[in-house]
Amino acid sequence: MHIVEFTPGTLRFIDGVPAQAPATGFIWIYLDREDLSTALPTLQDAAARLGGSPLLDLHVRDLVNAAHPSYYDYTSVYDTVVFRRLATAEEVDAEIQDQPDALAPPALASFYRIRTRAVGFVVFDRLLITVHPRGCFTARSFIARYLSDAVYSEGLNNGTSSRSRLPFSPSDLVLRMINVMVDSYLELRKQLTTEMDQWQGELLRPGSDFRGWSALLVARRELHVLEDLCEEQN
């Protein structure tokens, strides 16, 4: 479990949950889903102390569930979001290695590699809790980016005005992370549409000996599913 304190223009890692959230910032706690059960007492204490309410058991079960679909729910004190991001190439490779008998035909390789992972968000006014698959790149990549931004901002504090790019609230950080995840869906749709056009071009070429009819039909169906998913995520 990692705890980060954001204040205007900077951030810092802290060893434990603070007694209170910063008056002009917020606390971000992120952890692997596999560690949630062990860390739950600490998270519930943080939620009650910094957010004003412990997490409902229903929402804890949602965060633990790696197969949970994307969804949104809320209470009078906090909001919960589960968003299924695209799996990375390394995650897909590891999953395929565990299923050696389930390989797809070469023509369907790109579509077969479409896998998703659930990321959970609990959003308070001054506290954000996020739950990720083990080794998730999302939290690590954002922390690296914001550390760089904080150093850059400090370097310009010698009389030069600069606008910090650090998030100013839990909801702002959640929105930024989800936007990046949505962009990956849009990029994938562009790539798969290009491949589909190439297949159809080969099919319509005079004298073509195209034999991938079944694969093409499956791919078209999968592309429509992905397009529907992109619309839902937006």
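Computed over heavy atoms, backbone and side chain alike; hydrogens, waters and symmetry mates excluded. Fair warning: this is a prediction, and the values are worked out from it, not measured in the lab.
Transitive grouping of hydrophobic side chains (ILVMFWY, heavy atoms separated by less than 4.5 Å) brings Val180 and Leu166 into a common cluster. Taken together through direct or relayed side-chain contacts under 4.5 Å among Ile, Leu, Val, Met, Phe, Trp and Tyr, Leu175 and Phe83 form parts of separate hydrophobic clusters. Connection of Val64 to Phe121 is not established within any shared hydrophobic cluster, with ILVMFWY side chains joined at heavy-atom distances below 4.5 Å, either directly or through further cluster members. The hydrophobic clustering, which links ILVMFWY residues whose side-chain heavy atoms are closer than 4.5 Å, places Leu11 and Phe124 apart. Note: the hydrophobic cluster containing Val174 also contains Val4 (ILVMFWY, side chain heavy atoms under 4.5 Å, direct or indirect links).
Using a 4.5 Å heavy-atom threshold, the side chains of Val81 and Met177 count as separate. When side chains are defined from C-beta on, Ile29 counts as touching Met1, because their heavy atoms get closer than 4.5 Å. When side chains are defined from C-beta on, Thr80 counts as touching Tyr71, because their heavy atoms get closer than 4.5 Å. In this structure, the side chains of Leu173 and Tyr146 come closer than 4.5 Å at one or more pairs of heavy atoms.
What you find for Gln44 and Leu55 is that their closest heavy atoms are OE1-N, 2.6 Å. Scanning all heavy atoms of the two residues, the minimum distance from Val17 to Arg49 falls at O-NH1, 3.7 Å. Across Pro18 and Ile27, no two heavy atoms sit closer than the pair CG-CD1, 3.8 Å. Taking every heavy atom of both residues into account, Leu63 and Gly120 meet most closely at CD2-CA, 3.8 Å. The heavy-atom pair separating His68 from Asp62 by the smallest distance is NE2-OD1, 3.1 Å. Taking both residues in full, the closest heavy atoms of Asn65 and Ala118 are given as O-CB, 4.4 Å, listed atom of the first, atom of the second, then distance.
For residues 14-28, the set of pairs meeting the side-chain hydrogen bond (donor to acceptor under 3.5 Å, both in side chains) definition, not counting sequence neighbours, comprises Trp28-Thr130.
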(request) List the steps and the verdict of side chain to side chain contact (heavy atoms under 4.5 Å, CB included) for Val122 and Leu128. (result) CA-CA 6 Å; Val122 183; Leu128 172 64; 5.9 Å; no
(request) Take Ile129 and Tyr78 through the test side chain to side chain contact (heavy atoms under 4.5 Å, CB included) and record every step on the way to the result. (result) CA-CA 11 Å; Ile129 298 171; Tyr78 66 85; over 6 Å; no
(request) Could you walk me through whether Tyr30 and Val119 pass side chain to side chain contact (heavy atoms under 4.5 Å, CB included), step by step? (result) CA-CA 10 Å; Tyr30 66 92; Val119 179; over 6 Å; no
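Judged by distance alone, the side chain of Arg117 and the main-chain N or O of Pro133 form no donor-acceptor pair under 3.5 Å. Within the 3.5 Å criterion, the main-chain N or O of Met181 finds a donor-acceptor partner in the side chain of Ser184. Proximity of a side-chain donor or acceptor of Thr7 to a complementary backbone N or O of Gly25 within less than 3.5 Å is not detected.
Taken to the nearest 0.5 Å, the NE2 atom of His132 stands 9.0 Å off from the CZ atom of Arg33. Here Leu86 contributes atom CG and Leu188 contributes atom CG; the two are 5.5 Å apart, rounded to the nearest 0.5 Å. Of the inter-residue distances, the one linking Leu58 atom CG with Thr75 atom OG1 reads 11.0 Å to the nearest 0.5 angstrom. Atoms CZ and CD, on Phe26 and Glu5 in that order, are 10.5 Å from each other to the nearest 0.5 Å. The distance from atom OG1 of Thr38 to atom CG of Asp32, rounded to the nearest 0.5 Å, is 11.5 Å. Distance check: Ile3 CD1 to Thr42 OG1 gives 7.5 Å after rounding to the nearest 0.5 Å.
Both the sub-6.0 Å distance and the 45° axial angle are not jointly satisfied by Arg140 relative to the ring of Phe137.
Between Asp57 and Arg61 there is no salt bridge, since none of the side-chain N atoms of the basic residue sits less than 4.0 Å from a carboxylate O of the acidic one.
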